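Worksheet for the structure shown next.
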Number of protein chains: 2
Amino acid sequence: MFISIDFADDKPIYLQIHDQVIDAIASGKMFPGSVLPSSRQLAAEFGINFHTVNKAYNLLREERYIQFSRKKTAVVSEPLMNETLLQEWDNRERTLLAELVARGVSRQDIVHRVGRLLDSVRLSVENGSKGGEQK
Amino acid sequence: MFISIDFADDKPIYLQIHDQVIDAIASGKMFPGSVLPSSRQLAAEFGINFHTVNKAYNLLREERYIQFSRKKTAVVSEPLMNETLLQEWDNRERTLLAELVARGVSRQDIVHRVGRLLDSVRLSVENGSKGGEQK
DNA sequence: TCATGTGTTCTATATCGTATATAACACATG
DNA sequence: CATGTGTTATATACGATATAGAACACATGA
């Protein structure tokens, strides 16, 4: 499975699941049509409550990363992007970038660092996912 | 004042203060030696409890952005950066970048976007702050 | 000397978010 | 018709957030 939970982490469990699903989509491990494990199934796998998994799934649905088919199974959606989402992203990214600037990291170092991170995220997004179709 | 509070925002007040102080340092509005308003003073200005301001200041101190002089006033510290901080930053940045990648934004668009944000953060950091010395 | 303003520490309360637990429901599947 | 979905509801427990009030040691400046 592409999900792991760190109970020692101060990040809430439902957010760990949420973020890792997004990471799985970004990296190409999952793509539009991919079926996610059911709430109860994933919960059982990690010994957590299925409501916690549900909270992560519902958040992902509100953000349009996934949707639920009539079969009631969670499925990865087609990518969606708009100006509102970009602006909200900018606000969070700006806060994060300000940390490095405040600590004296140069613009060049930051850009280079972001570039490396982008590559590590996108590793397989442009290649290996072709040939996987839903349904 | 360079700080404002949005009570409608779901972001905790102490984090709003925390983030805005970092932004002020990053943008050059504050620099090593700059004196922050006292907890009680800033709290009175916004009609909030001084313990809430204290929480923000103590967090900023733990992260070495500020320190308290013998006079007990909060003062901006010299920039500090190390590998541990960079790795923790990478983790958060990677999660944020994955959101855009998962939504289908191209690498070029993301890099361009981060560059613009960086410029908006650093506006005055390289110029206007020279000539301001502590004590 | 003494009043003032600092950050610090302590106790207390109220509210919200997180996580768990249990039960019941409508729905689609095989 | 039993099974497994997501959904909804109620309940409890715990930690984080925010407020409130009191008291303390310390440095400042009148």
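Fair warning: this is a prediction, and the values are worked out from it, not measured in the lab. Convention: sequence-line order gives letters A, B, ...; per-chain numbering from 1.
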Next on the checklist: Tell me the interatomic distance from A:D9, atom CG, to C:dT18, atom P, rounded to whole angstroms.
Outcome noted: 14 Å
Checklist outcome for this item: Of the listed D:dT17, C:dA19, D:dT7, the closest approach to the A:N54 side chain comes from D:dT7
Item to check | Exam field: side chain B:W89 to backbone A:L100, donor-acceptor pair closer than 3.5 Å | outcome: no
Checklist entry - Just to confirm, is there a sub-4.0 Å distance from OP1 or OP2 of D:dA18 to any side-chain nitrogen or oxygen of B:Y14? => result no
Checklist outcome for this item: Comparing A:F7 with B:S38, nearest DNA chain C nucleotide closer to 5' gives the residue B:S38
Checklist entry - So what does B:N58 touch, heavy atoms closer than 4.0 Å: a base, only the sugar-phosphate, or nothing? => result sugar-phosphate
Item to check | B:N91 side chain to B:R94 side chain, donor-acceptor N/O pair below 3.5 angstrom | outcome: no
Next on the checklist: Treating A:Q16 as the side-chain partner and A:K11 as the backbone partner, does any N or O pair qualify as donor plus acceptor under 3.5 Å?
Outcome noted: yes
Checklist entry - Hey, where does DNA chain C pair up into stems, meaning at least three consecutive Watson-Crick or G-U pairs with distances under 3.5 Å? => result C:1-30 with D:1-30
Checklist entry - Is the shortest side-chain N to carboxylate O distance from B:R113 to A:E93 below 4.0 Å? => result no
Checklist entry - What class does the angle between the rings of A:H18 and A:Y65 fall in, given that below 30° is parallel, 30 to 60° is tilted and above 60° is perpendicular? => result perpendicular
Checklist entry - Taking the side chain as C-beta and beyond, is there a heavy-atom pair between A:Y57 and A:F68 under 4.5 Å? => result yes
Checklist entry - What integer distance in Å separates B:N49:CG from C:dT8:P? => result 15 Å
Checklist outcome for this item: Separation of C:dT6 atom C1' from B:F68 atom CZ, nearest Å, is 10 Å
Checklist outcome for this item: Note: for B:I48 and A:L36 on DNA chain D, the residue whose nearest nucleotide lies more 5' is A:L36
Item to check | Nucleotide D:dG4, atom C1' - distance to OH of A:Y57 in whole Å | outcome: 14 Å
Checklist entry - What is the distance, rounded to the nearest whole Å, between atom CG of A:L42 and atom P of C:dT20? => result 12 Å
Checklist entry - Does A:K55 put a side-chain nitrogen or oxygen below 4.0 Å from OP1 or OP2 of C:dT18? => result yes
Checklist entry - Would a distance-only check, ignoring hydrogens and angles, find a side-chain to backbone donor-acceptor pair under 3.5 Å from B:R40 to B:F50? => result no
Next on the checklist: Between C1' on D:dA16 and CG on A:L15, what's the gap in Å once rounded to a whole number?
Outcome noted: 14 Å
Checklist entry - Would you say D:dT19 has OP1 or OP2 under 4.0 Å from some side-chain N or O of B:T52? => result yes
Checklist entry - Is the side chain of B:D23 donor-acceptor paired with the backbone N or O of B:D19 at a distance under 3.5 Å, no angle test? => result no
Item to check | B:D10 CG to C:dG17 P, straight-line distance once rounded to whole Å | outcome: 9 Å
Next on the checklist: With a 4.0 Å cut-off on N to O distance, would you call B:E78 and B:R64 a salt bridge?
Outcome noted: no
Next on the checklist: Measure CD1/B:I13 against C1'/C:dT15 and give the value in whole Å, please.
Outcome noted: 13 Å
Next on the checklist: Using a 4.0 Å heavy-atom cut-off to protein, can you give one letter per nucleotide of nucleotides 23-28 of chain C, 5' to 3': B if the base is in contact, S if only the sugar-phosphate is, - if neither?
Outcome noted: -B---S
Next on the checklist: Classify B:S39 by what it touches in the nucleic acid, base, sugar-phosphate, or nothing, heavy-atom distance under 4.0 Å.
Outcome noted: sugar-phosphate
Checklist entry - Taking atom types as modelled and ignoring hydrogens, do the side chains of B:K29 and B:S27 form a donor-acceptor contact shorter than 3.5 angstrom? => result yes
